[in-house]
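Quantities reported herein were computed from a predicted structural model and do not represent experimental measurements. Side chains are part of it too, since the values below use all heavy atoms of this structure and drop only hydrogens, waters and symmetry mates.
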Amino acid sequence: MRRTRILTAVLALAAGLIAGSPPVLAADGAPRPTLAAESYTWKNARIDGGGFVPGIVFNRKEKNLAYARTDIGGAYRWQQSSRTWTPLLDSVGWADWGHTGVVSLASDSVDPNKVYAAVGTYTNSWDPGNGAVLRSADRGASWQKTDLPFKLGGNMPGRGMGERLAVDPNRNSVLYLGAPSGKGLWRSTDSGVTWSQVANFPNVGNYQQDPTDTSGYASDNQGIVWVTFDESTGTSGTATKTVYVGVADKDNAVYRSTDAGATWTRLAGQPTGYLAHKGVLDSVNGYLYLAYSDKGGPYDGGKGRLWRYATATGAWTDISPVAEADTYYGFSGLTVDRQKPGTVMATAYSSWWPDTQIFRSTDSGGTWTKAWDYTSYPNRANRFTMDVSSSPWLTWGANPSPPEQTPKLGWMTEALEIDPFDSARMMYGTGATIYGTENLTAWDAGGQFAVRPMVQGLEETAVNDLASPPSGAPLLSALGDIGGFRHTDLTKVPSMMYTSPNFTTTTSLDYAESDPNTVVRVGDLDSGPHVAFSTDNGANWFAGTDPSGVSGGGTVAAAADGSRFVWSPAGTGVQYTTGFGSSWQASSGIPSGAVVESDRVDPKTFYGFKSGKFYVSSDGGATFTGSAATGLPAGDSVRFKALPGTKGDVWLAGGASDGAYGLWHSTDSGTTFTRLAGVEQADTIGFGKAATGASYQTLYTSAKIAGVRGIFRSTDKGVSWTRVNDDAHQWGWTGAAITGDPRVYGRVYVSTNGRGVVYGDTSDTGGGSGGGDPTPSGACAVTYTITNQWSGGFQADVKLTNTGTSAWSGWSLGWSFPGGQTVSQLWNADYTQSGAAVTAKNVGWNGNVAAGSSVAFGFTGTWTGTNGKPTAFRLGDRSCTVG
């Protein structure tokens, strides 16, 4: 429930990491082969929640069908049988990373299989792409997309208002979408396939959180913020006549159409001086309820009111539960009980101290009761109980003085919904989780309703750094907003985030390679130290001392033996210390803001990178010397790591599409670097347990290889790569960090910007293709197809079929090129080439080939003279039929 929201992807954009432009073709016009994914199972390292949930939507026709939207982490569907949430937007790819921000969501009450999401993260330059409306006919299992001619802001100010997207409850082919940035009101009449602006809508909004903000973030016009239909003014199959629209304009907040959108008028007599965050209609009693705040939210708001509009008479009634002078918050969360018309609830969304407040009325706003109230200050009585045992970190390890309590009832509580089929169930979103109750009606009987997290499966953290030590906990994470966690069991929620100190955001962490009990982390904190140390593998922490001028975490590195540390904080230059940071000294020879890492063998060797130049220190960080290496990325969108177990073995990933961009390797402590051929782009690099029979640790990267963006693994030092994710598991932007597990072959931990820590396990439990050559028995057939050819280069696909009667547990296919061709890059198999002879072996996941089944791989190569096809193929010692 932090006051800020991490903008991980924004930092990368500012550094030029994500250009958002189409990929650049190679100079020779070489094609991009398709890479198949290995069979991987993907899960989240459980945290449960971790970010702002601005919207919860129940379907009005089907019981237990509900959705939640997040500001940067996609959308989710409620699974009643398991009481968990299922992620719906993991298929969003790298180029469309902004589409993981969901500004609005609508569930079709005519056809519950249909759901819509308005996506886009920022309306300013931080997100290079426009917004889109996604539509699904299978409850979000798959999507079709319509791109919009403007941006949407799932993580912009005002994102808790809404819903901006709405489906006509009588004619469900009609949808409305309220746009920000002065783009007005939009309508679709073909179930979201095409959209056009409602040209006669009179007001595009004018409210800006901060008109002076030159970044365009706080200065954006928040626009059209909600659409509400009066379903009683239509019949099935005909468009609803009366539609209400909320506008971010303090003097003209609510408009209405009574002719299905043909004309629009400002509601007469409406209150002014406030923004209408929500407009919820009780069509049975004919009341439109409105929650007002003087700010757009989700974390600001100093005054607020609740109003009721009588749709039949046009009468306005101030139904606020407290006097205006007594509000120090705005109202936003707003819901009515569809089973008990006249019951309405609202939240004081911006009340951080001492707690949020929830109000409830059973007489259409005539009288109210509160979720908690003072007995004698500072003591308070609660109408609720809280049980956060499933997410114990929600206490933040705090021990506040009354009237504060821990855990808090919430903050940033803009989403509040009573289940339309069950008056006893309510869910509400906070800045950190979804809370809910299943005995809400105990409130009215004078009892206490039980509140607990209803968030399992919804993972919404932005990941800055990851570490998987060789002993101790398998995973240490550095997260935005909630600091980070030590996972001793990936399937269980940790008891607490890092504390002592509790950073709002952890920006970097590291452990001593030969002493993994020694761990250091750095991060952001409003007041207090920005560095902390642990001597028990991150279980307990103590604060270090900041050098002068530190304003933020930056990056940090631990010596291989834990004897010293190098820190590159925000606000001042690179620093070094011996011991645990009781005093720091300035490093020389390295610029401020450099990224720093340690050698994993030599405790006195540290590395740095800044603006295209690599730096090395051999005296524990006291002095650095710039490397003569050239050709590295010119910008600062670079991440690099040194390989455990080998001194001076460094891998560097990064760049931008307008310059050098890829993966580099050094074996001499950065004196020279060699760029890996075939890796077009790379943004992260990590190491994991070596495959069986391999002498080098497994490499992992978030990269573009052979024209395909994905998560890749190499078991042969980067000679060949296998894509381990697939198009259904992309998670938008994955460019912050990656690491393999040094104890579990094939396991990889992937950072996301809003979907938490994702980890994958391979189905290849054997750890690769093994040591010897497989010799399957039985007949075989090969089809060799040249799929593309250009001057000096070509692409070919090879299909190997088991035409025998027994399954293969591995295969090795050999051939000779007739024209001196050379393989440049081969995927979905390991290969060697000696002269004209080529041998391709299975990788771990595709070694098993049943009788009658086939396996395929492909490659790109070079040729001179002629590019003839091989005429003979051998599977071990057996000749194959050539098709």
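For the pair Thr505 (side chain) and Gly480 (backbone), a donor-acceptor distance under 3.5 Å is absent. Of the possible donor and acceptor atoms, one in the side chain of Glu680 sits under 3.5 Å from a partner among the backbone N and O of Gly707. Under a 3.5 Å cut-off, the side chain of Arg639 and the backbone N or O of Gly735 do form a donor-acceptor pair. The backbone N or O of Phe52 sits less than 3.5 Å from a side-chain atom of Glu460, completing a donor-acceptor pair. In this structure a side-chain-to-backbone donor-acceptor pair under 3.5 Å is present from His99 to Asn130. Between the side chain of Thr684 and the main chain of Ser702, a donor-acceptor pair closer than 3.5 Å is present.
Ring orientation note: the planes of Trp94 and Trp733 are tilted relative to one another, at an angle of 30° to 60°. Taking the six-membered ring where tryptophan is involved, the planes of Phe533 and Trp584 are essentially parallel, since the angle between them stays under 30° and well short of 60°.
The distance from the CG atom of Leu632 to the CG atom of Leu652 is 6.0 Å, given to the nearest 0.5 Å. Remark: Ser91 OG to Trp143 CH2 distance equals 9.0 Å, nearest 0.5 Å. Atom CD1 of Ile434 and atom CD of Gln456 lie 12.5 Å apart (nearest 0.5 Å). In this structure, OG on Ser477 lies 12.0 Å from CZ on Arg486, to the nearest 0.5 angstrom. Interatomic distance, CG of Leu525 versus OG of Ser551, reported as 12.5 Å (0.5 Å rounding). The CG atom of Asn725 sits 5.5 Å away from atom CD1 of Ile711, with the distance rounded to the nearest 0.5 Å.
Between Gly523 and Phe503, the shortest heavy-atom distance links the atoms N-CE1, 3.5 Å. Closest heavy-atom contact between Ala737 and Asn464: CB-O, 4.1 Å. Val601 approaches Asp599 most closely through the heavy-atom pair N-OD2, 2.9 Å. Thr555 and Val596 make their closest contact through OG1-N, 3.2 Å (heavy atoms, listed as atom of the first residue, atom of the second, distance). Nearest heavy-atom pair across Asp127 and Thr121 is OD2-N, 3.4 Å. When all heavy atoms are compared, the tightest approach of Ala473 to His487 is CB-O, 3.4 Å.
When only modelled atom types and interatomic distance are considered, Thr499 and Asn502 share no side-chain donor-acceptor pair under 3.5 Å. For Asn44 and Arg46, the side-chain atoms include no donor-acceptor pair closer than 3.5 Å.
Legend: residues meeting side-chain hydrogen bond (donor to acceptor under 3.5 Å, both in side chains) with Thr123, ordered by chain and number and at least two apart, are Asp220. For Lys717, the salt bridge (Lys or Arg N to Asp or Glu O under 4.0 Å) test picks out no residue, with sequence neighbours left out. For Asp510, the salt bridge (Lys or Arg N to Asp or Glu O under 4.0 Å) criterion is met by Arg600, not counting sequence neighbours. By the salt bridge (Lys or Arg N to Asp or Glu O under 4.0 Å) test, Lys613 pairs with no residue at all, sequence neighbours left out. Phe485 meets the ring-ring contact (aromatic ring centres under 6.0 Å, His included) test with Trp393; sequence neighbours excluded. Residues satisfying the ring-ring contact (aromatic ring centres under 6.0 Å, His included) test with Trp85, not counting sequence neighbours, are Trp78. Not a single ring-ring contact (aromatic ring centres under 6.0 Å, His included) links Tyr696 to another residue, sequence neighbours left out. Every residue meeting the side-chain hydrogen bond (donor to acceptor under 3.5 Å, both in side chains) condition with Asp489, not counting sequence neighbours, appears here in chain and number order: Thr491. In terms of the ring-ring contact (aromatic ring centres under 6.0 Å, His included) criterion, Tyr759 has no residue partners (sequence neighbours excluded). Residues passing the side-chain hydrogen bond (donor to acceptor under 3.5 Å, both in side chains) test with Asp716, sequence neighbours excluded: Ser714, Ser720. Every residue meeting the salt bridge (Lys or Arg N to Asp or Glu O under 4.0 Å) condition with Arg69, not counting sequence neighbours, appears here in chain and number order: Glu163.
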> Could you walk me through whether Thr507 and Asp524 pass the side chain to side chain contact (heavy atoms under 4.5 Å, CB included) check?
Replying inline: CA-CA 7 Å; Thr507 56; Asp524 301 334; 4.0 Å; yes
>> Thr461 vs Ile482, test: side chain to side chain contact (heavy atoms under 4.5 Å, CB included). Steps then yes/no.
In response: CA-CA 8 Å; Thr461 49; Ile482 59 174; 3.5 Å; yes
> Can you check side chain to side chain contact (heavy atoms under 4.5 Å, CB included) on Thr722 and Phe712, steps first, answer last?
Replying inline: CA-CA 5 Å; Thr722 298; Phe712 291 88; over 6 Å; no
>> For a side chain to side chain contact (heavy atoms under 4.5 Å, CB included) check, start with the C-alpha distance between Ile590 and Phe606, then their side-chain angles and the critical distance, and finish with the verdict.
In response: CA-CA 11 Å; Ile590 186 170; Phe606 289 83; over 6 Å; no
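The aromatic ring centres of Phe687 and Tyr700 sit 6.0 Å or more apart. Taking the six-membered ring for Trp and the full ring otherwise, Trp567 and Phe565 have centroids separated by 6.0 Å or more. Aromatic ring centres of Phe614 and Phe640: separated by under 6.0 Å.
Residues Trp651 and Lys641 fail the side-chain proximity criterion, which asks for heavy atoms closer than 4.5 Å. Side-chain contact between Pro742 and Pro644: absent, with no pair of heavy atoms (C-beta onward) separated by less than 4.5 Å. Counting heavy atoms from C-beta outward, Tyr607 and Ser598 have side chains that stay 4.5 Å or more apart.
Between Asp96 and Lys145 there is a salt bridge, since a side-chain N of the basic residue sits under 4.0 Å from a carboxylate O of the acidic one. Salt bridge absent: Asp741 and Lys689 never bring a charged side-chain N and a carboxylate O closer than 4.0 Å. A salt bridge links Arg709 to Asp683: at least one charged side-chain nitrogen sits closer than 4.0 Å to a carboxylate oxygen.
Judged by the 6.0 Å distance and 45° axis criteria, Arg713 is not positioned over the aromatic ring of Trp721.
Pairs passing the salt bridge (Lys or Arg N to Asp or Glu O under 4.0 Å) check and including a residue from residues 745-759, sequence neighbours excluded, read Asp90-Arg755, Arg747-Asp761.
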